[in-house]
Amino acid sequence: ARYREQLDNIGFSFDWSREVRTSDPAYYKWTQWIFLQLFDSWYDHAAQKSRPINELIERFEKQGWSSNDDCAITGNEELDPLTAFNQDEWKAFSEKQQQQILLRFRLAYLSEAWVNWCPALGTVLANDEVKDGVSERGGHPVERKRMPQWSMRITAFAQRLLDGLDQLDWSESIKEAQRNWIGRSEGAIIRFALTPNPSPQERDLRLGYLTADPSIASELMPHANNMRKNPTEAEDKLWQLIRGDETGGRIRRQHIIDRFIVDFVSLPKRLVIEVDGDIHDLQKEEDAARTERLNELGFEVIRFSNDEVLKNGLEVRRQIIAALSKREEFVASDEAHSPLSFGEGPGVRAHSGGEVIEVFTTRPDTIFGVSFVTLAPEHELIQKITPPERMEEVMAYVTQAKNRSERERMTEVKRVSGVFTGAYVKHPFTHIDVPVWVGDYVLGGYGTGAVMAVPAGDQRDWNFATHFNIPFVPVTENWDISKGADESKEATLANSAFLNGMKVADAIPRAIDELEAKCVGERRINFRLRDAAFGRQRYWGEPIPIYYKDDVPYALPESALPLVLPEVDKFQPTETGEPPLARATKWRWDAADQQLTGSAIGHPIETTTMPGWAGSSWYFLRYMDPQNEGRFASPEAINYWQQVDLYVGGSEHATGHLLYFRFWTKFLKDRGWIDFDEPAKKLVNQGMIQGVGRFAYELLIGIQSDGRDGSPPVLALEWIPYVLISRELHLSLKDGSTDPKHLEELQYTLDQIGDLIRDAHPGHQGRITYRKASLERRVDVSIVDGRGVLDLAKYAEARNQEKKTLQNGAFAPGVVDYFCHPEVEKMSKSKLNVVNPDDIIEKYGADTLRLYEMFLGPIEQSKPWDTNGIEGTSRFLKKFWNLFHTESRNQESGISGSFIVSEEAPSKAELKVLHSTLKKVQEDIEKLSFNTSVSQFMIACNALQELWSNAPSQSGSGARGKRQVLEPLTIALAPFAPHIAEELWSLLHPDTGKEFHSVTTAQWPKWEAQFLVEDSFSYPISFNGKTRMQLEFPIGLSKEEVEAQVLANPEVQQRLEGKPPKKVIVVPERIVNIVV
RNA sequence: GCCCGGGUGGUGGAAUGGUAGACACGAGGGACUUAAAAUCCCUUGGCCCGUAAGGGCUGUGCGGGUUCAAGUCCCGCCCCGGGCACCA
């Protein structure tokens, strides 16, 4: 009520008959109704439209469902993916099964979602309410938990919400914030099939790149690449002979094994082929050691000389094929090499090889650089793929990582943590085994919760690989992978088979084509946007109109709306951790009678409530028709009002309210209740008027006496609050620095206190020692003056009320006033920095306040409230008022005596002032540039005052102003200063006994170009762009004439010193520039 | 780190590529007044020359560029505000 009064005082013209309250059942009936429509809808991706759920049921009856259908599921994935069914299977499902399936398509749906659950508080907490794994309030432990949650399938609208932004006249920053929030990224899904686990001993050797000794791999890698690029003649010849699959050994060249780079190797057959140049003794020894080590690792080594290769390459090739054919295929499933058996347990399914890890990537071109795959700690496959011997370690990590809130995971970005699962997946192209890790740098809620890690192409993967010593290869040309990842989009690919030599932009589509051809992946657009959690474990909120039958949610009928909040004994959660509404034991639904039973019998009703944004997502529609009882708003009203023309709101709603608001509007449009799909055409973020917080610093001192001279040994150990010190001293006490200037202040303060103590305890002679600390205290701005000086008496009074001992303040020498430290911040009660408009209105009036707020600067700008300039607008209003009154003034107020205006026709000059003002003001209002319109009014007022004070008495009546000028100005001023304009209007149109005409109903004055026409223009004449003089020429003079006249001017000639100008530019009615 | 805004006198802020600093505050000077308040007038980016009238140089975060002409457009930096963030 107080708030309303203030709004009225300031003169806002709200239509209070249209006031709505989202908490009023008459209003939230329709919020619940919209919820039911969302519950009753699914999203047809082919048509990009929400449609009634009945149409989906019909479709299921006709054709069943498969995952490629257009009614794709978006948003929170259930633990078990929905399996395809045909029309007969659909019909055979029980009702419960059918309902559960439908729930996966409904736009308002119940699903298992991750939440921050606090068992002690029995409630779900928002991310910012959790700090360090405990609740911010109370410090109770919080865990991440999957719980059934109502959600809104906003993700189905992601693309439309993104595209719609282009049409909107909203600030770029808001649009950009929404684009980021929606976070569209194009890329691919890639499937990695799980492989049976090799034994740990063989792992290194079995895995392509992983045959290298990890400690040295990254050093060797560039060499290997270099050697591959610059082969010797013999190497190159042999490579041409044995590359490809024909040899049966799938031979690689310049491969790293352990600490060596071998010339050629067949990994499946474990055969190393070396091509040697001239062999020295020293070299022989090294080669022997190398061969020994390779044999140890299970490789056979055969050698050829350069000569052999160059002279008889085909024979060499034949020998290699022979050697390969003698060797057994080395595979992990071979029991002889893989003694490890898993037995029963979670690892079994992985062993059977049936699982697939799906990853999302925006860089499918880097597929050949994959050196491991990382799963989010929340990933469901972790349990299934981890072999038993690693289970304990992996689960310990998962539990620890999962319970860190997302906020925490974000704040500790730099910390790398993870664990190897022990499982491997097959690379889709090379078929090399790739290890699977768990790492908390992968988020469960984004993409598939799994990434293919390419350390050479992604810095996070690089950090992870480097931290855990996982070897990797570069995938771009000329890149030193020891320094970091190459994330450049301009790079050229290398080491990447069919992608070699391609630019990133070309390689991406090519890679996807290959993936699709091999059926191991496909193009995918992914959105960052997540479905919005809709349920709240709180009492105050709109009840969700849902009841449960057989644990399946069903809609309440429209007749049951509004479903009002039941009465409960307490607003807290129940002892068993259920929401407060669960306390309403007699709140049940009778499905047969279609009504609340009012007893404990019947179907349970949903106990969570709607979030704050539910009601605010559609209120603009209710304004159109606030009293309608039969519909949220009548079609006629909606048709009349349409979209919001101008929405003024804070930018803090950029990704919350302003997105949901658009989402609901699109939904209502889809289902045909409204015919526009964006709620607000234009949106302006008004800046906030900020507060200036004020701070004082108190010294806290403990005093002790040494008990000399017969005083009691401890005279006093008392804390004296309210000893004010400077901010500088406070800061230096805090960080322990010893600036002599501050020490001086401190000493002085201490001396003062000593005196106080002695005064309080006469006769005491002992030495006094102190213990020092200081404290920052927020001061209510109402007891601080404009300059920041604290009102000490009031401060003492306020501190007294806190029932603390009070002593006088002590200041440094020479200081009389205590200046409070200012800090610009949001205005809020808790910050004690709220400036009440009442005081300003009291002193200057509401119009001055309004004008001043507008005059402060552009509407979008935030700035601290500062009354320094308010005199200016106040003076303007007085001057404006005076134009309507006689010269004789009231001595007290400075306001003129009696109202009088002249009926004389205005002069040309007066009309010009009037019409240029009308023009500017009209243009500025359209641009919402209120500060410049106010300034234009000031200009007009000053100009008129000037014109009229030179001709003091129009027609001898004592009038200064002319009606024909002042009346239009009054109308134009009315939106800015309604009170004074109305008052002047009533003076201009005295009550003639008929009905009262308000200025607000007066015809808006139009500016006319004819009054703005000038006869001449004063050209600035510039030389080389620097203005030097002014020359006046009549309007309409041609360019050539102006140029001729300018050049004829003696002063110009003087400046030219007789030389002809290089060039003369004449812009009519703007400028003349002479280039010398 | 990425994405949006910004950076102009002592202050809030004006300037469709065309006279930078409108308008207002503050400050200084003056008028009226016994005095104060109120009101009115003058000056007010910086530096320099001139007794003066007047004139010159310089100036929109920094460095380049385009142009007859740049606060405004382009390139590269710096700083401030806001949004997003291990988003694959």
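Bear in mind that the values here come from a model prediction, so they are computed numbers and not experimental data. Proteins get letters first, then strands, A, B, ... in listed order; numbering begins at 1 in each.
Both distances falling under 3.5 Å, in either a Watson-Crick or a G-U wobble arrangement, occur for no nucleotide opposite B:A36. Under the Watson-Crick and G-U wobble criteria, each requiring two contacts below 3.5 Å, nucleotide B:G59 is left unpaired. Both distances falling under 3.5 Å, in either a Watson-Crick or a G-U wobble arrangement, place B:A27 opposite B:U43. Pair assignment for B:A20 gives none, since no Watson-Crick or G-U wobble pairing has each distance under 3.5 Å. Pairing for B:G81 is with B:C4, a Watson-Crick or G-U wobble pair whose two hydrogen-bonding atom distances lie under 3.5 Å.
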Classify every nucleotide of nucleotides 5-14 of chain B by which part a protein heavy atom approaches to under 4.0 Å, writing B for the base, S for the sugar-phosphate alone and - for neither, in 5'-to-3' order.
S------BSS
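Rounded to an integer number of Å, the gap from CZ of A:Arg528 to C1' of B:C87 is 7 Å. When rounded to the nearest whole Å, the span between NE2 of A:His379 and C1' of B:A88 equals 13 Å. Here B:C87 presents its C1' atom at 17 Å from CZ of A:Phe464, a figure rounded to the nearest Å. A straight line from CD1 of A:Ile174 to C1' of B:C3 spans 14 Å, rounded to a whole angstrom. Distance, A:Phe1023 CZ to B:C57 C1': 17 Å, rounded to whole Å. In this structure, A:Phe880 atom CZ and B:U39 atom C1' are separated by 19 Å, rounded to whole Å. Rounded to an integer number of Å, the gap from CD of A:Glu176 to C1' of B:G82 is 13 Å. Between the P atom of B:C87 and the CZ atom of A:Arg179 lies a distance of 20 Å, rounded to the nearest Å.
In this structure, A:Val1075 reaches the sugar-phosphate backbone alone: every heavy-atom distance under 4.0 Å involves primed, P, OP1 or OP2 atoms, never a base. A:Lys1026 comes within 4.0 angstrom of the backbone, heavy atoms only, and of no base. Among the atoms of the strands shown, none is found under 4.0 Å from any heavy atom of A:Ala654.
Comparing atom distances between the A:Trp181 side chain and each of B:C23, B:A85, B:U19 picks out B:A85 as nearest. Of the candidates B:A88, B:G18, B:A24, B:A24 carries the atom nearest the A:Met938 side chain, counting heavy atoms from C-beta on. Closest to the side chain of A:Asn942, from the set B:C87, B:A88, B:C23, is B:C23. Residue A:Ile939 has its side chain nearest to B:C23 when only B:C23, B:U19, B:A85 are considered.
Side-chain N/O atoms of A:Asn180 and base N/O atoms of B:C84 include no donor-acceptor pair closer than 3.5 Å.
Take A:Lys682 and apply the salt bridge (Lys or Arg N to Asp or Glu O under 4.0 Å) test, not counting sequence neighbours, and it matches A:Asp169.
Ion pairing between A:Glu871 and A:Lys878 fails under the 4.0 Å rule for side-chain N and carboxylate O. In this structure, A:Glu923 does not pair ionically with A:Lys920, as no charged nitrogen and carboxylate oxygen lie closer than 4.0 Å.
Summary of the strand contacts: A:Gly183 and A:Pro1020 both lie near RNA chain B, and taking for each the nucleotide with the nearest heavy atom, the more 5' one is attributed to A:Pro1020. Mapped onto RNA chain B by nearest heavy atom, A:Thr1027 and A:Thr873 fall at different nucleotides, with A:Thr1027 at the one closer to the 5' end.
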List the steps and the verdict of ring pair (Phe, Tyr, Trp, His ring centres under 6.0 Å) for A:Phe937 and A:Phe976.
CA-CA 10 Å; A:Phe937 278 118; A:Phe976 298 85; 5.3 Å; yes
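For B:G45, the O4'-C1' to base torsion is more than 90° from 0; the nucleotide is therefore anti.
Between the P atoms of B:U43 and B:G21, the separation comes to 15 Å (whole Å). Taking atom C1' on both nucleotides, B:C62 is separated from B:A14 by 24 Å, rounded to a whole Å. Here, B:G26 and B:G59 have their C1' atoms 22 Å apart, quoted to the whole Å. B:C75 and B:G6 are spaced 16 Å apart, taking the P atom of each and rounding to whole Å. Rounded to whole Å, the separation between the P atoms of B:G28 and B:A15 comes to 30 Å. Nucleotides B:G63 and B:A53 place their C1' atoms 41 Å apart, quoted to the nearest Å.
Looking at A:Val1075 and A:Pro1061, their side chains never come closer than 4.5 Å, going by heavy atoms from C-beta outward.
Here the two rings, on A:Phe420 and A:Phe468, have centers that are 6.0 Å apart or farther.
Using bins of under 30°, 30° to 60° and over 60° for the plane-to-plane angle, the ring pair A:Phe661/A:Tyr647 lands in the tilted bin.
Note: A:His427 NE2 to A:Phe368 CZ = 6.0 Å, rounded to the nearest 0.5 Å.
Phosphate contact (OP1/OP2 of B:G56, side-chain N/O of A:Arg1055, threshold under 4.0 Å): present. A close approach under 4.0 Å does occur between a side-chain nitrogen or oxygen of A:Arg460 and OP1 or OP2 of B:C87. In terms of phosphate contacts, A:Arg1028 brings no side-chain nitrogen or oxygen within less than 4.0 Å of OP1 or OP2 of B:U19.
In this structure, A:Lys919 is positioned above the aromatic face of A:Trp1007, its NZ or CZ under 6.0 Å from the six-membered ring centre and within 45° of the axis.
Of all heavy-atom pairs spanning A:Ala453 and A:Thr374, the tightest one is CB-OG1, 4.0 Å. Annotation for A:Ile367 and A:Val370: closest pair O-CG2, 3.0 Å, computed over non-hydrogen atoms. In plain terms, the two heavy atoms of A:Glu487 and A:Gly457 that are nearest each other are CG-O, 3.4 Å.
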Between the protein and nucleotides 26-31 of chain B, which nitrogen or oxygen pairs are less than 3.5 angstrom apart?
none

